[in-house]
Amino acid sequence: TVDPGVFLFFEGARRDDLDARLLGEVRALLSRGFGVIVDLHPTSQIAAYAPEKITEATDSPLFRAYGGLVARTARLLAPLSRERVGFEPMNEPQWGWDAATAARWRDQQKIWHDAARALAPDLALVLTGARGGSLDGLLSVDPRPFRGSNVLWSFHYYEPFLLTHQGVRAENGQARLWRYFSDLPYPATHDLFDSARAVLRANVTADGSLSPREKDRTFNDAERALREYLNAGPGRTRVAADFRRLDAWAGQHAVALDRLFLGEFGITRSYGRYRASPPGPLANWLGDVRAEAEARNIGWALWALSGYGGMSLIETDEAVALDRPTLGALGMTL
């Protein structure tokens, strides 16, 4: 992942140095047998380069500057086109839930594609739908304007979010409840409600920032979310149903399944002080998603963070050992 804000800010020799460092990292990974997707990954930490600012208008100076960055990076990577290298112009566009912003994303991504393709005719470009780069976002894409181009169609998969984002602290909508969930079963049915409810109750009770009334209200909201999760019957059957939607989209548009790319998937894990998914459910979910992708020859990339909590691939934050249940679920060995 590459923060484009840094690349947009610097000029001259310092900017050239960033390109050299990026190319050096890519070559180092290739030399160790990895494939590499260079992913421009805007963040909102620096407001001037937030993704919504970049894409606010197609004729804005910032959008044009970003297009120049896309073209420059494509040219940088072009000599590696025959290697296992791809380039994604923007990660997880957080719009497209309405017709206007979906159309804007369609047009903007086409502009970036054409700019990159002009300088890197053979480089694999990773394109995505809107709506956070989700499965639904990809299924809304018409790939015909890109026919004949070396494109991988990316989608991210975190369904169901209540399972994959246990313990995550968020503030909006139902996401505000994620922090109170841990040890959710997967696969699961409603028969497991009582045990899961007991864990949920303990987690809400332990939150010292809530008043007794707030705890009651929070628990009631979270309990409803738990019922919805279990009533949906999360398991391999539901994952397979989602992937069959991909099959239908690919068939409709004559896109080979091996041109699809599971660009992110992951699940929060219990370790240290962090409470999320225990090894069994975590490995079950990762294994189901990986199996459905690999059954279709779809390449995948695990989203993993190395900091405390979250979707970590390392065993603990104090060591560099990799988590064995995660590796096993991914079909890997040390």
Side-chain angles (χ1 to χ4, degrees), residues 132 134-136 155-170 173-207 215 217-246 262 264-296 298 300 302-305 309-313 323-331:
S134 64
L135 173 60
D136 285 338
F155 66 100
H156 295 178
Y157 192 81
Y158 293 102
E159 301 290 342
F161 272 79
L162 195 66
L163 174 74
T164 62
H165 285 62
Q166 297 171 75
V168 172
R169 293 185 174 272
Q174 193 181 55
R176 76 189 193 285
L177 302 173
W178 291 344
R179 70 186 67 190
Y180 300 110
F181 284 89
S182 65
D183 302 282
L184 279 173
Y186 178 91
T189 64
H190 195 72
D191 296 342
L192 300 170
F193 176 75
D194 288 342
S195 58
R197 182 180 185 272
V199 174
L200 176 61
R201 169 69 80 180
N203 289 345
V204 174
T205 300
D207 187 351
K215 287 182 180 181
R217 185 169 59 248
T218 298
F219 178 74
N220 290 337
D221 291 344
E223 185 182 44
R224 282 193 292 272
L226 175 62
R227 287 187 188 276
E228 291 174 4
Y229 170 77
L230 294 175
N231 287 341
R236 177 71 177 270
T237 299
R238 296 195 65 83
V239 175
D242 281 339
F243 274 77
R244 284 196 295 272
R245 296 170 64 206
L246 276 173
L262 176 51
E264 285 186 21
F265 74 118
I267 177 171
T268 50
R269 179 171 66 85
S270 289
Y271 75 104
R273 295 178 290 116
Y274 192 80
R275 308 310 305 163
S277 182
L282 176 141
N284 291 340
W285 185 85
L286 287 175
D288 284 352
V289 177
R290 178 179 72 91
E292 289 297 329
E294 291 184 353
R296 294 161 172 80
I298 295 174
W300 53 262
L302 179 76
W303 179 255
L305 304 176
M311 299 171 186
S312 180
L313 189 57
D323 180 60
R324 290 183 179 273
T326 300
L327 291 183
L330 298 174

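Owing to the predicted nature of the structure, the values given are computational and were not obtained by experimental measurement.
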Undergrad: Under the side-chain contact (heavy atoms from CB on, under 4.5 Å) criterion, do Leu135 and Phe243 qualify, and how do the steps go?
TA: CA-CA 9 Å; Leu135 173 60; Phe243 274 77; over 6 Å; no
Undergrad: Could you tell me if Glu264 and Tyr158 have a donor-acceptor pair between their side chains, going purely by distance under 3.5 Å?
TA: yes
Undergrad: Between Arg245 and Asp136, is the closest basic N to carboxylate O distance under 4.0 Å?
TA: yes
Undergrad: Would you mind telling me which of Asn203, Asp207, Thr205 makes a side chain to side chain donor-acceptor pair (under 3.5 Å) with Tyr180?
TA: Asp207
Undergrad: Determine whether Leu226 and Leu184 make a side-chain contact, defined as any pair of heavy atoms from C-beta on separated by less than 4.5 Å.
TA: yes
Undergrad: Determine, stepwise, if the pair Phe155 / Ser134 fulfils side-chain contact (heavy atoms from CB on, under 4.5 Å).
TA: CA-CA 5 Å; Phe155 66 100; Ser134 64; over 6 Å; no
Undergrad: Hey, is the main chain of Gly173 close enough, under 3.5 Å, to the side chain of Arg176 for a donor-acceptor pair?
TA: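 Confirmed, Arg176 side chain pairs with Gly173 backbone.
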Undergrad: Ser182 versus Val199: any side-chain heavy-atom pair under 4.5 Å?
TA: yes
Undergrad: Any donor and acceptor pair, going by atom type alone, linking the side chain of Glu223 with main-chain N or O of Arg197 inside 3.5 Å?
TA: no
Undergrad: Is a side-chain N or O of Thr326 found less than 3.5 angstrom from the main chain of Leu313, in a donor-acceptor match?
TA: no
Undergrad: Answer yes or no: is there a side-chain heavy-atom contact under 4.5 Å between Leu302 and Leu286?
TA: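 Answer yes - side chains close enough.
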Undergrad: Strictly below 4.0 Å, N to O, side chains only: are Arg238 and Glu159 in salt-bridge contact?
TA: no
Undergrad: So, are Asp323 and Arg269 salt-bridged, with charged N and O less than 4.0 Å apart?
TA: yes
Undergrad: I want to check something: taking the side chain as every heavy atom from C-beta on, are Tyr229 and Phe181 in contact at a cut-off of under 4.5 Å?
TA: no
Undergrad: Kindly indicate whether the side chain of Arg169, heavy atoms from C-beta on, has any atom under 4.5 Å from the side chain of Trp178.
TA: no
Undergrad: What is the minimum heavy-atom distance between Ala225 and Leu162, and which atoms define it?
TA: O-CD2, 3.7 Å
Undergrad: Give, for atom CZ of Arg217 and atom CG of Asn220, the distance between the pair rounded to the nearest 0.5 Å.
TA: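 It is 9.5 Å, given to the nearest 0.5 Å.
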Undergrad: Taking Tyr186 as the fixed residue, which of Thr164, Asn284, Asp288 is the one that meets the side chain to side chain donor-acceptor pair (under 3.5 Å) rule?
TA: Asp288
Undergrad: Pro234 versus Thr189: any side-chain heavy-atom pair under 4.5 Å?
TA: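 In short, these two side chains do not touch, never coming nearer than 4.5 Å.
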Undergrad: Using the six-membered ring of Phe219, assess whether NZ or CZ of Arg201 lies under 6.0 Å from its centre and within 45 degrees of the ring axis.
TA: yes
Undergrad: If you measure from the Lys or Arg side-chain nitrogens to the Asp or Glu carboxylate oxygens, is any gap between Arg296 and Glu292 under 4.0 Å?
TA: yes
Undergrad: Looking at every non-hydrogen atom in both residues, tell me the closest pair between Pro187 and Leu192 and how far apart they are.
TA: O-CD1, 4.4 Å
Undergrad: Ignoring hydrogens and geometry, is there a side-chain-to-backbone donor-acceptor pair from Gln166 to Asp183 under 3.5 Å?
TA: yes
Undergrad: Parallel, tilted or perpendicular: which describes the rings of Trp285 and Phe265, with under 30° parallel and over 60° perpendicular?
TA: tilted
Undergrad: Nearest 0.5 angstrom please: Arg224 CZ to Asn231 CG, how far?
TA: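 Taking CZ in Arg224 and CG in Asn231, the distance rounds to 13.5 Å.
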Undergrad: Treating Ser270 as the side-chain partner and Ala276 as the backbone partner, does any N or O pair qualify as donor plus acceptor under 3.5 Å?
TA: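 Such a contact is found between Ser270 side chain and Ala276 backbone.
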Undergrad: Using modelled atom types only, decide if a donor and an acceptor are shared between the side chain of Arg275 and the backbone of Gly167 within a distance under 3.5 Å.
TA: no
